[in-house]
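Worksheet: the structure to be examined is printed underneath.
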There are 2 protein chains.
Amino acid sequence: MKDINEKSTYHHGDLRETLLVVATKMLQESGIKEVSLRKLASRVGVSRTAPYHHFKDKNALLCGMAEKGFEQLHQINKNGYEDEELSIREHFYRFIHDYIQFAHNNPDLYELMFGRTIWKDKSSTQELRDSAYPCFQFQVAMTQEWQKKGLFNVDDNALRASQVLWGTVHGIAKLFIDGIYTDNSKIDEICDYAVSMFLSNSKQ
Amino acid sequence: MKDINEKSTYHHGDLRETLLVVATKMLQESGIKEVSLRKLASRVGVSRTAPYHHFKDKNALLCGMAEKGFEQLHQINKNGYEDEELSIREHFYRFIHDYIQFAHNNPDLYELMFGRTIWKDKSSTQELRDSAYPCFQFQVAMTQEWQKKGLFNVDDNALRASQVLWGTVHGIAKLFIDGIYTDNSKIDEICDYAVSMFLSNSKQ
DNA sequence: AAAGCAAAGTTGACACTGTCAAGTTAACGT
DNA sequence: ACGTTAACTTGACAGTGTCAACTTTGCTTT
């Protein structure tokens, strides 16, 4: 491992990681449209094609960025779930709220994580899937737990329930992110209302 | 108006409409990534920059395509709502089902209609908004009607209810379209389950 | 009917993109 | 100390959206 502080002239030392960090920064600063391999390379101070020695193509770079996003999101879900001071209903609210808040705080990253760019046409890398699937499964597990405890008054099918729930948070998040729901100050209200629609006759 | 069957050498006659039709066809055939102005122009048999006399830029063309999509979707919603043989619960189911089916049948068009490409950064044209807003409002009106008739057991706030409902159908549709939910044969089951989650204690 | 003007369509050009091929540099294991 | 190989570079190509300047056509006005 090379000293990070020492600027090497030819070999960069940790280019792969640097590319991911800087690309993500560019994404957050100016949106996906401004993330080009050439701009990225130039900003990192390396030639146009240097990234190709660390990522097969642009798609692989994007997958790498999304990967880190899924780790973050997974962690957020875990934190909420493991908070022992909350009631089940509060856990449920927190999941919805935290999820949509994450999307709202990282709109372009969220867009990337769930966009067809990296998922459609089998273009997702193995590493991306390895990072995303546990995140998905955790949501199913949470739903299963809630359902077991009687939070929803429906047939006991955790997979279906979680697919609908995830659809709801994903949809609301997207409608905000994409600029169709425009009044950001109403996010909390909408989360609240979603909770009451799902739990209107819950035993909890 | 020029005879449509007669091929004119210089002036096309109805280029704007032709561009919209052919571009939409390209979209359905090979996805948004394959829709370029140059390919489109060449396929229509016209020079690269001819489209600029009918659309300010590529974004305006995309808005024009989305516009037609909203008219279709609006019509589908209307048809379902005006079917007098259905109970309220059936109306609700049909809305969810038809909506997701539309998205599933026209994945790339749906993606375009609701994607940030045409909505974010104030890039939507006035005509697009004129076509989309009535479609949105119709959904709010439907929800209001359902709520008035006691379909949901929550506070009487049609806007919030419709935002959550739309979020749900939009989210489920997107998760299928973008290749994250992959088993298309389960669409109907998920729609069913969504209905029961919302109506589990409804009076209807 | 002739003139003229605006709309519609053209070619050339520019800056930008992702990616390949071929060459160069430097680091590391034998 | 040497040679292999990974990391990095430059040159090149095909493709993109869009602008400016030019040509053709059709319609309106005199």
Side-chain angles (χ1 to χ4, degrees), chain A residues 1-4 6-23 26-27 30-65 108 112 115-118 120-121 123 125, chain B residues 1-4 6-23 26-27 30-65 108 112 115-118 120-121 123 125:
Chain A
M1 184 63 185
K2 177 171 291 198
D3 187 342
I4 297 215
E6 185 184 346
K7 190 185 156 199
S8 72
T9 46
Y10 199 90
H11 281 61
H12 181 283
D14 196 19
L15 186 52
R16 197 194 133 94
E17 189 61 21
T18 308
L19 287 170
L20 284 175
V21 171
V22 175
M26 289 171 72
L27 182 71
S30 357
I32 189 73
K33 226 190 152 186
E34 293 298 309
V35 178
S36 84
L37 284 182
R38 296 170 103 110
K39 275 190 218 141
L40 171 60
S42 130
R43 183 154 155 183
V44 169
V46 97
S47 82
R48 305 154 253 147
T49 56
Y52 283 88
H53 292 264
H54 301 273
F55 299 96
K56 186 181 150 286
D57 51 19
K58 187 180 185 183
N59 182 67
L61 172 76
L62 296 178
C63 285
M65 296 162 67
D108 294 279
L112 176 63
R116 59 179 16 198
T117 326
I118 58 175
K120 207 63 189 183
D121 303 326
S123 46
T125 61
Chain B
M1 183 63 185
K2 178 172 290 196
D3 187 342
I4 297 217
E6 184 182 346
K7 188 183 155 200
S8 73
T9 45
Y10 199 91
H11 280 62
H12 182 283
D14 196 18
L15 186 52
R16 197 194 133 94
E17 189 60 23
T18 309
L19 286 170
L20 283 175
V21 170
V22 175
M26 289 172 72
L27 182 71
S30 356
I32 189 74
K33 228 188 149 187
E34 292 298 308
V35 177
S36 85
L37 284 181
R38 295 169 102 109
K39 277 191 216 139
L40 171 60
S42 129
R43 183 153 156 184
V44 170
V46 95
S47 82
R48 304 154 255 147
T49 56
Y52 282 88
H53 291 267
H54 299 273
F55 299 96
K56 183 182 153 286
D57 52 18
K58 187 180 185 184
N59 181 69
L61 172 76
L62 297 178
C63 285
M65 294 161 69
D108 294 279
L112 176 63
R116 60 178 15 200
T117 325
I118 58 176
K120 207 63 188 181
D121 304 325
S123 45
T125 61

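Model, not experiment: these values are computed from the prediction. All chains are named by letter (A, B, ...) in the order of the sequence lines, taking the proteins before the strands, and each is independently numbered beginning at 1.
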Worksheet item: At what distance, to the nearest 0.5 angstrom, does OG1 of A:Thr125 lie from CG of A:Asn59?
Response: 7.5 Å
Practice prompt. List in numerical order all residues of residues 32-41 of chain B for which some heavy atom is under 4.0 Å away from an atom belonging to DNA chain C.
Written response: B:Arg38
Discussion item. Looking at B:Arg116 and A:Asp108, is any side-chain nitrogen of the basic one under 4.0 Å from a carboxylate oxygen of the acidic one?
Written reply: yes
Worksheet item: Which residues within residues 50-61 of chain A lie with some heavy atom under 4.0 Å of an atom in DNA chain D?
Response: A:Ala50, A:His53, A:His54
Item to complete: Measure across A:Met26 and A:Glu34 and return the closest heavy-atom pair with its distance rounded to 0.1 Å.
Response: CE-O, 3.6 Å
Practice prompt. Over all heavy atoms of both residues, which pair between B:Ile32 and B:Leu62 is shortest? Give the atoms and the distance, please.
Written response: CD1-CD2, 4.1 Å
Item to complete: Drop me the distance from B:Leu27's CG to B:Leu40's CG, to the nearest 0.5 angstrom.
Response: 11.5 Å
Response to the item:
Between B:Val35 and B:Ala23 the two heavy atoms that sit nearest each other are CG2-O, 4.2 Å
Response to the item:
Value for CG (A:Leu19) from CE (A:Met65), rounded to nearest 0.5 Å, stands at 10.5 Å
Worksheet entry | Separation of D:dT25 C1' from B:Leu15 CG (nearest whole Å) | 15 Å
Worksheet item: Under 3.5 Å, is there an N or O donor on one side and an acceptor on the other linking the side chain of B:Thr49 and the base of D:dT18?
Response: no
Worksheet item: For the base of C:dG12, is there a side-chain donor-acceptor partner from B:Arg48 under 3.5 Å away?
Response: yes
Side-chain polar contacts of residues 44-54 of chain A - donor-acceptor pairs under 3.5 angstrom, sequence neighbours left out - could you list them?
none

